[in-house]
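This report concerns only the one structure given below.
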Amino acid sequence: QVQLVESGGGLVQAGDSLRLSCAASGRIFGVRAMGWFRQAPGNEREFVSAIRWNLGRTSYADSVKGRFTISGDNAKNTVYLQMNSLKPEDTAVYYCAAASAGCAPTDFDSWGQGTQVTVSS
């Protein structure tokens with residue numbers, strides 16, 4: 001089991017930036033990828049971004065490409081999501097996730113508790 005703890009959410013204005021962090025602990029040796037998902041009120045949870053832990057390859061949802069950047073620090077077992085040029089439609093609870101096999105959105109099987117990001121217009 002992998003434990004994930006997010007931090008860094010908050011209330012910002014449109015155009016501002018935020019950086020989310022996610023610290024992993026527990027059975028980290030089995031983690032193949034880490035990622036971020038988000039869920040806005042009334043919507044299903046959606047994929048935002050992911051990074052292959054050992055390869056460094058990244059993927060992004062079309063809605064955040066060019067604005068968000070995912071990165072990882074293996075030494076700290078931490079993954080980051082740098083969010084720039086935030087829009088009101090980015091408002092959601094952001095969840096950190098870990099995948100034990102693969103990097104597809106359906107491969108993620110460990111979840112953090114979520115951190116709220118609110119972007120005002």
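Starting from 1, each residue takes its place in the sequence as its number.
Under the 4.5 Å side-chain heavy-atom criterion for grouping Ile, Leu, Val, Met, Phe, Trp and Tyr, Val93 is connected to Phe47 within one hydrophobic cluster. Note: the hydrophobic cluster containing Trp36 does not contain Tyr80 (ILVMFWY, side chain heavy atoms under 4.5 Å, direct or indirect links). Cluster membership check: Tyr94 shares its hydrophobic cluster with Ile51, using side-chain heavy-atom separations under 4.5 Å among Ile, Leu, Val, Met, Phe, Trp and Tyr. Trp53 and Tyr95 end up in different hydrophobic clusters when Ile, Leu, Val, Met, Phe, Trp and Tyr side chains are linked at under 4.5 Å.
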Using the salt bridge (Lys or Arg N to Asp or Glu O under 4.0 Å) rule, take Lys65 and Asp62 through it: C-alpha gap first, then chi angles, then the decisive distance, then the call.
CA-CA 5 Å; Lys65 277 182 183 175; Asp62 288 343; 3.2 Å; yes

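Between Val119 and Glu89, every side-chain heavy-atom pair lies at or beyond the 4.5 Å cut-off. Side-chain contact check for Phe68 versus Leu18: every heavy-atom pair is 4.5 Å or farther apart. Asn43 has its side chain out of reach of Arg38: every pair of non-hydrogen atoms, C-beta onward, lies at least 4.5 Å apart. Looking at Val31 and Asn77, their side chains never come closer than 4.5 Å, going by heavy atoms from C-beta outward. Counting heavy atoms from C-beta outward, Val12 and Met83 have side chains that stay 4.5 Å or more apart.
Smallest separation of non-hydrogen atoms from Ala98 and Val2: CB-CG1, 4.4 Å. Scanning all heavy atoms of the two residues, the minimum distance from Pro88 to Ser121 falls at CG-CB, 3.8 Å. Smallest separation of non-hydrogen atoms from Val79 and Ser71: CG2-O, 3.1 Å. Arg32 and Ser100 get closest at one heavy-atom pair: CG-O, 3.3 Å. Residue Gly26 comes nearest to Gln3 through the heavy atom pair CA-OE1, 3.5 Å, listed as atom of the first residue, atom of the second, then distance. Residue Arg67 comes nearest to Ser85 through the heavy atom pair NH1-O, 3.0 Å, listed as atom of the first residue, atom of the second, then distance.
Note that the CG atom of Asp90 and the OG1 atom of Thr118 stand 11.0 Å from one another [nearest 0.5 Å]. If you take CZ on Arg27 and CD on Gln1, they are separated by 9.0 Å, rounding to the nearest 0.5 Å.
A donor-acceptor pair under 3.5 Å is formed between the side chain of Tyr60 and the backbone N or O of Ile70. In this structure, Arg52 contributes its side chain and Arg57 its backbone to no donor-acceptor pair below 3.5 Å. At least one donor-acceptor pair under 3.5 Å links the side chain of Glu6 to the backbone N or O of Gly114. Put simply, the side chain of Asp107 gets close to the backbone of Cys103: a donor and an acceptor are under 3.5 Å apart. Using a distance-only test at 3.5 Å, with no hydrogens or angles considered, a donor-acceptor pair links the side chain of Ser49 to the main chain of Ser59.
Between Phe37 and Trp111, the ring-plane angle classifies as perpendicular under the 30° and 60° cut-offs.
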